[in-house]
Peer 1: 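Let me give you the structure first, and then I'll get to my questions.
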Protein chains: 2
Amino acid sequence: MATLDQIKEKVILHWGEMGSLWGINRTMAQVHALLFLSDEPLCANEIMEELQISRGNVSMALRELISWGLVTRLHIKGERREYYTTEKDVWTMGRIIARERKKREVDPTINMLRESMAELESMSPIEGDYEREQIQNLLNFFETGVEVYKDLEAQKPNSILKLLGTALRVKKFSS
Amino acid sequence: MATLDQIKEKVILHWGEMGSLWGINRTMAQVHALLFLSDEPLCANEIMEELQISRGNVSMALRELISWGLVTRLHIKGERREYYTTEKDVWTMGRIIARERKKREVDPTINMLRESMAELESMSPIEGDYEREQIQNLLNFFETGVEVYKDLEAQKPNSILKLLGTALRVKKFSS
DNA sequence: CTAAGCTTTCAGAATTTATTGAAAGCATGA
DNA sequence: TCATGCTTTCAATAAATTCTGAAAGCTTAG
């Protein structure tokens, strides 16, 4: 029979694998999972021991997680060492991840596509018709995504679900 | 001034980089971009030359793209070699990518979380309270995602946008 | 000021992932 | 049947990414 620690380990390892599929490195995702499942904040040493990784690796993973806004550093008075904790609400967590991925992936892509369109438009219109059309389609796709993202971002965390539920009900009703 | 080929190359290279951030390999994403921007189907040879990659690499990238359902093989009569083309509608493309990523990333995660919950529940309820709660939260989060995904999947490609527009308008109106 | 206790940095090592290219496979047509 | 023209496979290699650990950096206490 599985012990609590074994179950935690399984979740942490799986989260790590998912992380690497998501362009987040394995360790970073593992540290995140560990903190997410931990009732209290942990210090670098504890993370090191739990995950059996080096001090340097812990330091880098934490730096990255902090820069994403997923982890916060806690100064506990009387304590010399720093403690770390993570956002515990899954919806808020999801929103943070969406925000960061948009910033790192979608925004640069939109810039690139806009640039390409501008260049194509200043070119002789004889060639590149199809390319112009397809790049414009891609651009519209991403821009629409950003629109939707912005609207959703303004909502309270878990109202997103209700919102979509409403949308689908309205749709069903009206079609 | 940039030529058409330079612009295409820029888009293809960027798409390749995005691919690797998305757990899709660089070459696979590049081949996809090349076909997406190409008015006519291309054969393996043409892809090889355009992207300056080996025959084997082209073959593997195409196999993967076909297994995702993003690329189709065309037998042109009278022609010995095979031609390849890709889904050209961006919304359909987005839906295919969503479907595949769900299958490869979300479904296994949900299974893992359900398994963990089952194991936690069959354990002594004295310890693991916090872990149980957090794993359940994660599970709910993913399951909600799947619900929404399924509802959206049933819609026509670009009605998704209108749908969300509606939802947001309803929301604004009622709050 | 120095020591102690902790964190960060980063060059090199280890690991993982992607790519090549030669060989094998497969279909067509002579 | 064999040759031709193409595709696929996969072991070896190359490239990219991640991780380690020793050294340097902070900060606080004495």
Peer 1: Judged by each residue's nearest nucleotide on DNA chain D, which is more toward the 5′ side, I24(A) or Y84(B)?
Peer 2: Y84(B)

Peer 1: So, N45(A) and E49(A): side-chain donor and acceptor under 3.5 Å apart, yes or no?
Peer 2: no

Peer 1: Assess whether a salt bridge exists between R99(B) and E153(B), defined as any Lys/Arg side-chain N lying under 4.0 Å from an Asp/Glu carboxylate O.
Peer 2: no

Peer 1: Please report, rounded to the nearest Å, how far the C1' atom of dG5(C) is from the CD atom of E79(A).
Peer 2: 12 Å

Peer 1: Might you point out which heavy atoms bring A61(A) and M28(A) nearest each other, and give the distance in Å?
Peer 2: CB-CA, 3.9 Å

Peer 1: Go through residues 65-73 of chain B and report each residue with a non-hydrogen atom lying under 4.0 Å from DNA chain D, sorted by number.
Peer 2: R73(B)

Peer 1: Between the side chains of N140(B) and Q136(B), is a donor N or O closer than 3.5 angstrom to an acceptor N or O?
Peer 2: yes

Peer 1: Can we say K8(B) and E50(B) salt-bridge, meaning some charged N sits less than 4.0 Å from an Asp/Glu carboxylate O?
Peer 2: no

Peer 1: What's the separation between atom CD1 in I135(A) and atom CG in L113(A), rounded to the nearest 0.5 Å?
Peer 2: 7.0 Å

Peer 1: Taking the nucleotide of DNA chain C with the nearest heavy atom to each, does C43(A) or S20(A) sit closer to the 5' end?
Peer 2: C43(A)

Peer 1: Specify the closest pair of heavy atoms between G16(B) and Q30(B), including all atoms of both residues, with the distance to one decimal.
Peer 2: CA-CG, 3.9 Å

Peer 1: Counting only heavy atoms and a strict 4.0 angstrom limit, can you tell me which residues of residues 52-59 of chain A come near DNA chain C?
Peer 2: R55(A), G56(A), S59(A)

Peer 1: For the pair made of CZ in R63(B) and P in dT19(C), what is the distance, rounded to whole Å?
Peer 2: 14 Å

Peer 1: Give the minimum heavy-atom separation between Y84(B) and L35(B), together with the two atoms involved.
Peer 2: O-CD2, 3.4 Å

Peer 1: Quick check against the 3.5 Å criterion: does R55(A) have a side-chain atom that pairs as donor or acceptor with the backbone of M48(A)?
Peer 2: no

Peer 1: So that I can tick it off, tell me whether R114(A) and E143(A) are bridged by a salt bridge, with the cut-off set at under 4.0 angstrom between side-chain N and carboxylate O.
Peer 2: yes

Peer 1: Do W68(A) and I24(A) come close enough that some side-chain heavy atom pair is under 4.5 Å?
Peer 2: yes

Peer 1: Decide, yes or no, whether a salt bridge links E127(A) with R132(A) under the criterion of side-chain N to carboxylate O below 4.0 Å.
Peer 2: no

Peer 1: What is the distance from CG of L51(B) to P of dT20(C), rounded to the nearest Å?
Peer 2: 10 Å

Peer 1: Compare every heavy atom of E131(B) with every heavy atom of L37(A), then report the nearest pair and how far apart it is.
Peer 2: O-CG, 3.7 Å

Peer 1: Where does the chain A footprint on DNA chain D start and end, counting 5' to 3' with a 4.0 Å heavy-atom cut-off?
Peer 2: dT18(D) to dT28(D)

Peer 1: Quick check: closest heavy atoms across L21(B) and E105(A), and the distance to 0.1 Å?
Peer 2: CD1-CG, 3.6 Å

Peer 1: With the threshold set at under 4.0 Å for non-hydrogen atoms, list the residues of residues 30-39 of chain A touching DNA chain C in residue-number order.
Peer 2: none

Peer 1: Any N/O pairs under 3.5 Å between the protein and nucleotides 24-30 of chain C? List them or say none.
Peer 2:
unit_1  : atom_1 : unit_2 : atom_2 : d
dT28(C) : O2     : R80(B) : NH2    : 3.1

Peer 1: Do K150(A) and E147(A) meet the salt-bridge criterion of a basic N to acidic O distance under 4.0 Å?
Peer 2: no

Peer 1: Show every salt bridge (charged side-chain N to carboxylate O under 4.0 Å, His left out) that has at least one partner inside residues 66-81 of chain B, sequence neighbours left out.
Peer 2: R73(B)-E82(B)

Peer 1: Measure from CZ on R26(A) to P on dA14(C) and round the result to the nearest Å.
Peer 2: 18 Å

